[in-house]
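Take a look at the structure below.
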Protein chains: 2
Amino acid sequence: MALFARHGYAAVSMRQIAAATGVQVGALYNHTADKQSLLFDLLSDHMDALLAALEAEALPDDPLAALEAFTRFHLRYHAARPDAVFIAYMELRNLTPDNFARVEAQRRAYEAQLEDILRRGSKAEVMRFDDAKLACLAIIALLTGVTTWFRADGRLRQSEVEDIYWSMTRRLVSA
Amino acid sequence: MALFARHGYAAVSMRQIAAATGVQVGALYNHTADKQSLLFDLLSDHMDALLAALEAEALPDDPLAALEAFTRFHLRYHAARPDAVFIAYMELRNLTPDNFARVEAQRRAYEAQLEDILRRGSKAEVMRFDDAKLACLAIIALLTGVTTWFRADGRLRQSEVEDIYWSMTRRLVSA
DNA sequence: AGACTAACTGAACAGCCGTTCAGAGCAAGA
DNA sequence: TCTTGCTCTGAACGGCTGTTCAGTTAGTCT
């Protein structure tokens, strides 16, 4: 995962992976069918874990409270897994069409949860936006962008970043 | 550019590029020093053109009007060049450290223009946010995310997307 | 007409690619 | 103690990699 995140799937050889794990290249094939499966398993497992973690979060019924919980969860979960997130967004095109479709479906399932919150918030008139789908994509892009610059030892602590981004997200859809 | 955008820098061979341009592989080296220069020139030229186009835009003095102009410019410019944008965001890690630093500097120069608008808006009290730098990065992430899904023949026309995203951007920093 | 320049071809270079496989080592179960 | 089942090594496979270069072609200037 670290190698794929750092250099990209196509630029990393099975021999590099073997060296990083301390075995010879042939031994890798006792654990994976091929290089493509390695990438797919990485992405698919990441999305499974993300969805499971969101389920475990038990979002509140109140739409605004749910949006805050989702926002903070997303930031926290993604900040803790920069490599996995990076791969999940960068290496989709290196999946075979079949594998891409499966990971894409997982990603849509995650986004659907946010869109549902937004639609409920709009219905309850505690949120306002022109287009629920675009607001959903905008928020995801906004929040995920954090992973490109956030460093645990940077200017801002994790909790400060969470607060600031929740503040921006709230305004983005404020009624 | 199309090949790099579709398959990624590392996954495209000089022979593929040669075939796509209708020459033999050796002929490419009359036009580029090596494969790395090909990528760097693509990214650097893109950033140059982006900065030049923004200069030509002549943003208004009024901060809010400038933010709207910037927002619409960014969306319009990026929507028209999906391949170049995709490469500019995905292939940075495939640049040598020297080349990366140069492209990164160009990117920062672009972002600095947005940050300046935000700071002026905050000073004039027509905008509000917790952190200018983060608001800047958030808006860039928000707007650039459009390129991942926008299609000219999709549900929404370009002008509709512009309006909706300007509406969201305005709210994001509303006083 | 002849010289010069630029672009192209086709072949070659050394080296790396993903993957396979025979054989070795070793721990667990009969 | 013997066998079974993993996991490993080390070498090999055909094929592709970026890059170079001698030789050909074609257009431009004197």
Side-chain angles (χ1 to χ4, degrees), chain A residues 1-48 83-84 86-104, chain B residues 1-49 83-84 86-104 106:
Chain A
M1 188 189 293
L3 285 171
F4 283 167
R6 192 118 44 231
H7 306 106
Y9 172 77
V12 173
S13 71
M14 293 299 274
R15 281 168 184 79
Q16 280 176 271
I17 298 170
T21 54
V23 295
Q24 295 299 315
V25 63
L28 294 180
Y29 290 85
N30 288 314
H31 307 278
T32 185
D34 49 29
K35 193 184 174 189
Q36 168 72 207
S37 302
L38 220 51
L39 179 62
F40 173 69
D41 289 345
L42 234 43
L43 295 199
S44 191
D45 289 354
H46 168 69
M47 293 308 297
D48 276 342
D83 283 351
F86 197 71
I87 297 174
Y89 277 82
M90 301 285 269
E91 302 295 354
L92 288 171
R93 62 172 163 194
N94 284 311
L95 292 172
T96 59
D98 278 10
N99 288 343
F100 175 80
R102 290 158 72 184
V103 174
E104 184 69 6
Chain B
M1 189 189 292
L3 285 171
F4 284 167
R6 194 120 45 233
H7 306 105
Y9 172 75
V12 173
S13 72
M14 293 299 274
R15 282 166 184 80
Q16 280 176 273
I17 297 170
T21 52
V23 295
Q24 295 299 315
V25 63
L28 294 180
Y29 289 84
N30 289 313
H31 306 278
T32 185
D34 48 29
K35 194 185 174 189
Q36 169 72 206
S37 302
L38 219 50
L39 178 61
F40 173 70
D41 289 345
L42 233 43
L43 295 200
S44 190
D45 288 355
H46 168 68
M47 293 308 298
D48 276 343
D83 283 351
F86 196 71
I87 295 173
Y89 277 83
M90 302 285 269
E91 304 294 354
L92 288 172
R93 63 174 163 194
N94 285 312
L95 291 172
T96 60
D98 278 9
N99 288 342
F100 175 80
R102 290 158 72 182
V103 174
E104 185 68 5
Q106 292 172 294

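In what follows, chains are A, B, ... by sequence order, proteins preceding strands, each numbered from 1.
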For the pair made of [atom1] in [X] and [atom2] in [N], what is the distance, rounded to whole Å?
{"X": "A:Lys35", "N": "C:dC17", "atom1": "NZ", "atom2": "P", "answer": "9 Å"}
{"X": "A:Tyr29", "N": "C:dT19", "atom1": "OH", "atom2": "C1'", "answer": "5 Å"}
{"X": "A:Asp34", "N": "C:dT20", "atom1": "CG", "atom2": "C1'", "answer": "13 Å"}
{"X": "B:His31", "N": "C:dA6", "atom1": "NE2", "atom2": "P", "answer": "12 Å"}
{"X": "B:Met14", "N": "D:dC21", "atom1": "CE", "atom2": "P", "answer": "15 Å"}
{"X": "B:Leu38", "N": "D:dT17", "atom1": "CG", "atom2": "P", "answer": "15 Å"}
{"X": "A:Tyr9", "N": "C:dC17", "atom1": "OH", "atom2": "P", "answer": "13 Å"}

(message) So, OP1 or OP2 of C:dC16: does either fall under 4.0 Å of a side-chain N or O from A:Ser13?
(response)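 Checking C:dC16 against A:Ser13, no side-chain N or O comes under 4.0 Å of OP1 or OP2.
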(request) Would you mind checking if B:Glu104 and B:Arg93 are paired as a salt bridge, meaning a charged N to carboxylate O distance below 4.0 Å? (result)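 So B:Arg93 does not pair with B:Glu104 through a salt bridge.
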(request) Output the distance between atom CG (A:Asn99) and atom CG (A:Leu92), rounded to the nearest 0.5 Å. (result)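 Result: 11.0 Å between the selected atoms.
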(message) Working to the nearest 0.5 angstrom, can you tell me the gap between B:Gln16 CD and B:Thr21 OG1?
(response)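 Going from the CD atom of B:Gln16 to the OG1 atom of B:Thr21 covers 11.5 Å.
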(message) For A:Asp98, I'd like to know if atom CG has over 12 heavy atoms of other residues, nucleotides or ligands within 6.0 Å.
(response)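 No - once you tally the heavy atoms of other residues, nucleotides and ligands closer than 6.0 Å, there are 12 at most.
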(message) side chain to side chain contact (heavy atoms under 4.5 Å, CB included), that's the test. Do A:Tyr9 and A:Gln36 meet it? Break it down for me.
(response) CA-CA 9 Å; A:Tyr9 172 77; A:Gln36 168 72 207; 3.7 Å; yes
(message) We want to know whether B:Asp41 and B:Ser44 form a side-chain donor-acceptor pair, criterion being a heavy-atom distance below 3.5 angstrom.
(response)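 No, because no side-chain N or O of B:Asp41 sits under 3.5 Å from a partner of the opposite role on B:Ser44.
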Can you give me the N/O atom pairs linking the protein to nucleotides 9-11 of chain C at distances under 3.5 Å, or say none if there are none?
unit_1, atom_1, unit_2, atom_2, d
C:dT9, OP2, B:Gln24, N, 2.5

